[in-house]
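Report on the structure given below.
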Amino acid sequence: MVSESSLLECSNGRYTASETRGSDELLSQSGVTVMAPAAPHHADNNNQDSAAKKVKLEQNVGKPSRVIHIRNIPNETTEAEIIQLGLPFGRVTNVLVLKGKNQAFLEMAEEISAVAMVAYFGGCVAQLRGRAVYVQFSNHKELKTDQTHSNASASAQAALQAAQVISNSAGAAIVAGGGNALQPANGGTEIQGGPNTVLRVIIEHMLYPIVLDVLYSIFQRYGKVLKIVTFTKNNSFQALIQYPDTVSAQTAKTALDGQNIYNGCCTLRIDYSKMTCLNVKYNNDKSRDYTNPTLPSGDGDAHQLLTSGGVLAPQFLGLGSGLASPYGVGVGGVGLPAFGALTLTPASPALRALAAPPLPLATVLLVSNLNEEMVTPDALFTLFGVYGDVQRVKILYNKKDSALIQMAEPHQAHLALTHMDKLRVFGKAMRVMLSKHQTVQLPKEGQPDAGLTRDYSQSPLHRFKKPGSKNYQNIYPPSATLHLSNIPATVTEEDIKDAFSKRGFTIKAFKFFPKDRKMALVQLSSIDDAVTALIKMHNYQLSESNHLRVSFSKSSI
């Protein structure tokens, strides 16, 4: 048995890492058998290691302490991830990660925060990078690392500073007795304005409406949001968001710039506003002063302000902790889940949705008023595949001008509906709506179908099967200009024009991309022609190994 006391030296009521030992020797076990292997020269190494793996941890080992001991962490675990595990329970004051021993220490500012954390994870399993980790009290009361450990680590310092910003700006959440309370931030004082405290946010590819409360919930993660003003300028939805200090604003800008609110759309573009303080006159669905809830609604169309009971403190929203799922709630009454999908770690993909769309979870579309003489399952698969991965298509046997189309994800179904309802396809204005069906059924064996139902779930032509696919950034409404890609180097402009001509299309204008001749733009005489050309020319074989990829373009020639 090796205890923490044999590995950490006590000094004046605090403990410090011994200066004669490296950080990989700082084993700590709160009174249970050591899980990490002993030094190789020990004769009983194998026996100790084997016995250690069989130890069954007791919950709440040791007396309450501000220092939490976390075991069985993955080798790649960072200080930030350890801090995120404890942040929902209160302010974190120190952290020590022993990567060689798969262990870590976390020091909380208050013992009650540590008690809440141990109690919570006594009832559910904490996880880091998909591995179950064990949370218990350390048998030491304070963590003081020397210059060879986390206080000298740049990553630890950065993680602690980020945690300090979040804790100070929003108040530490105390989870105890089944309830939670928020302590005032910064002693109840607020910094009213200053350079680089106001962010200007532009929403690009805004396929779904963004309400003020969604912005508040996202930006509140990084500090106390004082005021928000939303408006439309140059045909784009924009917002001004004021923080009490530059650190919070900078943290939010760094973390959120370029992120998508919803998967594949509603992209945040963030820079600093020249304004130093927002003057908000009304609290309604367009603007909000969170420091002055008594402001009038102005136009009488005020949006209900979310109270602390309706929005979780930022510590609970997507910090990669074990609390993200159990504490998920709706936001603003629109059915948004908690923003737990975004893990705020350096490894997070740049294209990760911050929220799920406030829309019904329908994946099947009902399409009607089709040209039944021309339409085929393959044609619908290709056309609707511009906006999502089509799983199945069923042209109705007794009503061949109508079809059911099943998309892979709900947001893909809504993208298709948004862009293609009333679109003219083969000379008729197609109608698109959500279906009450949850799936498209394949015909039973022996049932007449005449090839009207097709399963495309394994098709190699899906555009969005990779999570965070770049194709999400190139979704545009139908237009007369098509974007061509996957063009081999041996294919010329004349080759492409001839290919279109053989299929009955006349190209009005053509242009290779100057820096990449694998891509080109072609302009047809009308949107109707472009829609038909996309259906017929997508996956056209240009060479033995190259098939043309066609989508709608936002540009014109």
Side-chain angles (χ1 to χ4, degrees), residues 204-208 260 262-267 351 357 362-367 370-371 374-393 403-426 428-434 440 454 456-457 459-487 500 503 505 519-524 526-540 547-556:
E204 295 181 352
H205 309 302
M206 197 172 104
L207 301 182
Y208 307 123
N260 295 329
Y262 302 138
N263 200 2
C265 63
C266 300
T267 306
L351 294 173
T363 58
V364 179
L365 297 169
L366 173 61
V367 183
L370 295 168
N371 184 333
M374 299 283 292
V375 73
T376 64
D378 285 348
L380 294 174
F381 165 76
T382 300
L383 180 58
F384 280 76
V386 172
Y387 300 105
D389 293 336
V390 176
Q391 302 298 294
R392 292 177 180 177
V393 175
L404 293 174
I405 299 175
Q406 182 179 334
M407 310 296 286
E409 301 287 346
H411 70 271
Q412 296 177 354
H414 286 274
L415 280 172
L417 187 155
T418 301
H419 287 302
M420 292 199 290
D421 184 37
K422 300 178 183 176
L423 177 68
R424 291 182 62 84
V425 180
F426 299 133
K428 297 186 70 174
M430 177 175 63
R431 295 307 309 268
V432 183
M433 65 185 69
L434 295 177
V440 171
R454 293 285 302 274
Y456 296 96
S457 58
S459 172
L461 297 180
H462 288 160
R463 301 173 188 247
F464 309 101
K465 56 187 175 182
K466 294 181 180 178
S469 169
K470 289 184 178 180
N471 287 334
Y472 274 121
Q473 302 175 61
N474 298 309
I475 292 177
Y476 302 107
S479 67
T481 305
L482 297 176
H483 178 276
L484 310 182
S485 60
N486 203 36
I487 302 172
F500 273 78
R503 293 293 183 99
F505 304 107
M519 296 189 291
L521 296 178
V522 295
Q523 185 174 330
L524 288 95
S526 67
I527 294 179
D528 289 20
D529 282 354
V531 169
T532 307
L534 184 145
I535 292 172
K536 292 189 175 183
M537 297 303 297
H538 183 65
N539 204 40
Y540 180 87
H547 290 72
L548 191 64
R549 297 289 180 260
V550 186
S551 59
F552 295 114
S553 173
K554 67 175 179 179
S555 308
S556 57

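The first residue in the sequence is number 1, and the count goes up from there.
Within the model, atoms CZ of Arg549 and CE of Met519 stand 14.0 Å from one another, a figure rounded to the nearest 0.5 Å. In this structure, OG1 on Thr481 lies 4.0 Å from CD on Gln523, to the nearest 0.5 angstrom. The CZ atom of Arg424 sits 5.0 Å away from atom CG of Asp528, with the distance rounded to the nearest 0.5 Å. To the nearest 0.5 Å, atom CZ of residue Phe500 and atom CG of residue Leu524 are 6.5 Å apart. Atoms CG and CD1, on Leu417 and Ile405 in that order, are 11.0 Å from each other to the nearest 0.5 Å.
What you find for Ala533 and Leu482 is that their closest heavy atoms are CB-CD1, 3.9 Å. In terms of heavy atoms, Ser555 sits closest to Leu521 at CB-CD1, 4.0 Å. The two residues Asp421 and Val432 have their closest heavy-atom pair at OD1-N, 2.9 Å. Here the shortest heavy-atom pairing between Pro377 and Val393 reads CA-CG1, 3.8 Å. Here the closest non-hydrogen pair linking His547 and Asn486 is O-ND2, 2.8 Å. Contact between Ala362 and Ala413 at its shortest, heavy atoms only, is O-CB, 3.6 Å.
Checked by atom type and distance alone, the side chain of Arg503 pairs as donor or acceptor with a backbone atom of Lys536 at under 3.5 Å. A donor-acceptor pair under 3.5 Å is absent between the side-chain atoms of Gln406 and the main chain of Arg392, judged by distance alone. Formation of a donor-acceptor pair under 3.5 Å by the Ser479 side chain with backbone atoms of Phe552 is not found in this model. His483 places no side-chain N or O within donor-acceptor distance of the main-chain N or O of Ser551, the cut-off being under 3.5 Å.
Two residues are said to be in side-chain contact when any heavy atoms from C-beta on lie closer than 4.5 Å; Val425 and Leu380 fail this criterion. Counting heavy atoms from C-beta on, the side chains of Val367 and Met430 come closer than 4.5 Å. Two residues are said to be in side-chain contact when any heavy atoms from C-beta on lie closer than 4.5 Å; Leu404 and Leu365 fail this criterion. Considering only heavy atoms from C-beta on, Thr532 comes within 4.5 Å of Phe505 through its side chain. In this structure, Leu370 and Lys428 have side chains that are not in contact, with every pair of non-hydrogen atoms separated by 4.5 Å or more. In this structure the side chain of Met407 never reaches within 4.5 angstrom of the side chain of Gln391, judged on heavy atoms.
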> How far apart are the C-alpha atoms of Leu548 and Ile487, what are their side-chain angles, what is the distance that settles it, and do they pass the side-chain contact (heavy atoms from CB on, under 4.5 Å) test?
Replying inline: CA-CA 6 Å; Leu548 191 64; Ile487 302 172; 4.0 Å; yes
Show me, pair by pair, the donor-acceptor contacts under 3.5 angstrom made by side chains of residues 382-390, not counting sequence neighbours?
unit_1, atom_1, unit_2, atom_2, d
Thr382, OG1, Asp378, O, 3.0
Tyr387, OH, Tyr476, O, 2.8
Asp389, OD1, Arg463, N, 3.1
Asp389, OD1, Phe464, N, 3.0
Asp389, OD2, Lys465, N, 3.1

